[in-house]
Amino acid sequence: MDMDDFSAANRRRCEAPDGFNHALNSWSLSDWMTATLGELGEAANVAKKLNRVRDGIPGNRETPQELRAQLADELADAFIYLDLLAQSQGINLADAVLRKFTRTSEKIGYLRPLRA
Ligand SMILES: [Mg+2]
C-alpha cells in the first residue's frame with residue numbers, strides 16, 4: 001500500500017458527498033483525537049478479551065480467531081482516523097513516521113536501512 005495514495009483516498013472518502021460527506025476541517029484537532037482514541041479504546045477492549053484467553057478466564061463470546069480479526073479491524077479504524085487527524089493538521093503521516101523513525105534509530109546507533 002502506498003501511503004500517499006491511501007491518504008488521498010481516505011480524505012476523498014471522508015469528504016465526498018457519496019462518502020462520509022464530512023469536510024476534514026469541520027472537526028477540530030480535539031474531535032479527531034477523540035475519534036482516534038475511541039478506536040484505540042475499542043482495540044483495547046479486544047486486547048482485554050485476548051488477555052482473558054491468555055489467562056483462561058471465562059467471559060468471551062468470541063473465539064480467539066474472531067478476537068484477532070476484531071483487533072485488526074479496530075487497529076485499522078484507529079489508523080484511518082489517525083491519518084485524517086494528521087491531514088487535518090497539514091501533516092503527511094508517512095513522512096512524519098519516517099523522519100521520527102530515522103531520528104530515533106540514529107539516536108540509539110541503529111544504522112541499518114529501512115529495507116534490510
Ligand atoms: Mg471501530
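Order of appearance sets the numbers: ligands from 1, and atoms from 1 within every ligand.
Evaluation of the side chain to side chain donor-acceptor pair (under 3.5 Å) test over residues 29-39, restricted to residues two or more places apart or in two chains, returns Ser28-Asp31.
Around the Mg ion (ligand 1), the protein atoms of type N, O or S found under 2.8 Å away are Glu39 OE1, Glu42 OE1, Glu74 OE1, Asp77 OD2, listed by chain and number.
Every residue meeting the side-chain hydrogen bond (donor to acceptor under 3.5 Å, both in side chains) condition with Gln87, not counting sequence neighbours, appears here in chain and number order: Asp83. In terms of the salt bridge (Lys or Arg N to Asp or Glu O under 4.0 Å) criterion, Glu66 has no residue partners (sequence neighbours excluded).
Ser7 places no side-chain N or O within donor-acceptor distance of the main-chain N or O of Asp4, the cut-off being under 3.5 Å. Glu74 places no side-chain N or O within donor-acceptor distance of the main-chain N or O of Ala44, the cut-off being under 3.5 Å.
With no hydrogens or angles considered, no side-chain donor-acceptor pair links Lys48 and Asn51 at under 3.5 Å.
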